[in-house]
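Single-structure report; data block below.
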There are 2 protein chains.
Amino acid sequence: MHAIEDAGSRPAPPGLRERKKRRTRDTLIRCALELFALQGYERTTVDAIAEAADVSPRTFFRYFAGKEEVAFALQDSVESSFCAALRERPAAESPLAALRGAVLTSWDSLGEEVGSVVPLELHMRTYRMIESTPALLAVHLRRLSEVEERLAHEIARREGLDLATDPRPRVLLAAFGGVMRVTGRIWGEQGGAGMTELRGIIADHLDQLGPALAENWRT
Amino acid sequence: MHAIEDAGSRPAPPGLRERKKRRTRDTLIRCALELFALQGYERTTVDAIAEAADVSPRTFFRYFAGKEEVAFALQDSVESSFCAALRERPAAESPLAALRGAVLTSWDSLGEEVGSVVPLELHMRTYRMIESTPALLAVHLRRLSEVEERLAHEIARREGLDLATDPRPRVLLAAFGGVMRVTGRIWGEQGGAGMTELRGIIADHLDQLGPALAENWRT
DNA sequence: TTGTCAATTGTCAGACGCTGCCATAATCTC
DNA sequence: GAGATTATGGCAGCGTCTGACAATTGACAA
């Protein structure tokens, strides 16, 4: 009784069960990332994460398929916000210009969504940890290649092309994704750089894509 | 006594110990790849590989750091032959042309080195297995990014540039490596294609790098 | 309120990957 | 051949991850 008489529209009011689940999940993510930042990824056991979050180790594996997955839980938001940003680019833009615009704007809007789970500083530390931990870097690269494939589909849709016959969307995304990985790595290497520096590195390197393919570099 | 009086030059005659070690290693690789091809990567245990090679499981880990490593043992040959091919390209070639030439020629010369350990058909099956097994694909992408870094150094050396200040070598390799990954994936998807088809796919996609970056695709 | 159903969780046992330690056996050196 | 080196095997143990079962908790209706 006295239940909130909601408007009955789509986002059905989450019951206590759903709220509890989300809280447990967020707690696990926060505890895991904090322990990772504190003592490194490999030296943090699942048992320690579960204990910090006050659940049984078995429950951890009911929320995440493995220890790796929890490290990428927040990257999901970043990637989907990037895909959404691309879909909203004006159709008049060229494919490369649309990608460039999407990546530069999506870095602004993700702060809030991530910040509601963990402090942004911790999220950036996590990214650097992924770059510097071989096992995580490998998974990260595989995930990026999946994003590239999704984006290639979106570019093909924008241009009205068939991915099976026209290799240009995938080739473009291969080049674009490659540049994004290089910039991410360079950004991670220079210690405590922030978002602003990252935008600069991205813009600089994207500008070098054309020149790098030129026949003669000695200009 | 009666030992071969060798010329005393560099390749010192391998003693019995060295020969035995190499034989054990080759046997482990062959048994592992055959079991992988037969029943998949995840469902093949290290114990099974060791038993097939007639050594103890403990010995397996003295030859390979992990189960993943044995799957990439032959890829090492491919990668180093590619790096060597790039170093031998004429200095007059443009960076992209040198990469293109190196990748197309290196695919010819590796047949023998690989074939001395396992049949070539098994090696190609292994490559497709890597592409289709998430855990192996992740490691594969990380290894490729390391190769890209080495090649970027070589390009910078050819052109007399400083990698720390000029982003073009890394950007070029990012784009080139991206195309190589796309071609490898496409090749793996179309079942039993051979080396010839792979060369064609590579050449086609490299030709699309310039057009894909163009402003207007509707030509 | 109470009872029923479904979902979440904890506990336990166990497979598998991987490592350190020590004893044994093989090879190499003299 | 004796002694030093090195490869191998066996074992105990840690950490990741999974299946099965029982207990607890929230959702929903009588």
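Chain identifiers are assigned alphabetically (A, B, ...) following the order of the sequence lines, protein sequences preceding nucleic acid strands; residue numbering begins at 1 within each chain.
Listed candidates were C:dC18, C:dA6, D:dG9. Nearest to the side chain of B:Lys67 is C:dC18. Considering only side-chain atoms of B:Arg62, the nucleotide from C:dA26, D:dG26, D:dT8 that sits closest is D:dT8. Of the candidate nucleotides D:dC17, C:dG17, C:dG10, D:dC17 has the atom lying nearest to any side-chain atom of A:Val46.
Distance B:Leu35 CG to C:dC16 P: 14 Å, rounded to the nearest Å. Remark: P of C:dG17 and CG of B:Asp47 are 7 Å apart, rounded to the nearest angstrom. Taking atom CZ of B:Arg19 as the reference point, atom C1' of D:dA7 lies 16 Å away to the nearest angstrom. As a whole-Å value, the separation of A:Arg43 CZ from C:dC18 P is 20 Å. The nearest whole Å value for the distance from the NZ atom in A:Lys20 to the C1' atom in C:dA7 is 12 Å. With rounding to whole Å, A:Phe60 atom CZ is found 10 Å from D:dT16 atom C1'. C:dC16 atom P lies 11 Å from atom CD of B:Gln39, rounded to whole Å. For A:Phe61 and C:dA15, the CZ to C1' distance is 14 Å, given to the nearest whole Å.
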B:Ser56 and B:Thr59: CA distance, side-chain angles, deciding distance, side chain to side chain donor-acceptor pair (under 3.5 Å) verdict: CA-CA 5 Å; B:Ser56 79; B:Thr59 296; 3.2 Å; yes
Evaluation steps, side chain to side chain contact (heavy atoms under 4.5 Å, CB included), between B:Leu173 and B:Leu99: CA-CA 9 Å; B:Leu173 262 299; B:Leu99 287 169; 4.0 Å; yes
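The one candidate from B:His153, B:Arg168, B:Arg157 that meets the side chain to side chain contact (heavy atoms under 4.5 Å, CB included) condition with B:Leu163 is B:His153.
Of the two residues near DNA chain D, B:Asp54 and B:Arg17, the one whose nearest nucleotide lies more 5' is B:Arg17. Along DNA chain C, the nucleotide nearest B:Glu18 and the nucleotide nearest A:Glu18 are compared for position; the residue whose nucleotide lies closer to the 5' end is A:Glu18.
Both the sub-6.0 Å distance and the 45° axial angle are not jointly satisfied by B:Lys67 relative to the ring of B:Phe36. The cationic group of A:Arg199 does not satisfy the cation-pi geometry with A:Trp187, failing either the under 6.0 Å distance to the six-membered ring centre or the 45° limit from the ring axis.
When heavy atoms are screened at a 4.0 angstrom cut-off, A:Thr45 is found touching the sugar-phosphate backbone but no base atom.
Considering only side-chain N and O atoms, B:Thr59 lies under 4.0 angstrom from the phosphate OP1 or OP2 of D:dG9. Side-chain nitrogen and oxygen atoms of B:Lys21 include at least one within less than 4.0 Å of the OP1 or OP2 phosphate oxygen of D:dA7. Remark: A:Tyr63 is in phosphate contact with C:dT9, judged by side-chain N or O atoms under 4.0 Å from OP1 or OP2.
Annotation for A:Glu131: atom CD counts as buried by contact number, over 12 foreign heavy atoms lying within 6.0 Å.
Checked against the 6.0 Å centroid threshold, B:His205 and B:Phe176 do not count as a close aromatic pair.
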Which atoms of nucleotides 28-30 of chain D (N or O only) lie under 3.5 Å from a protein N or O atom, and what are those distances?
none

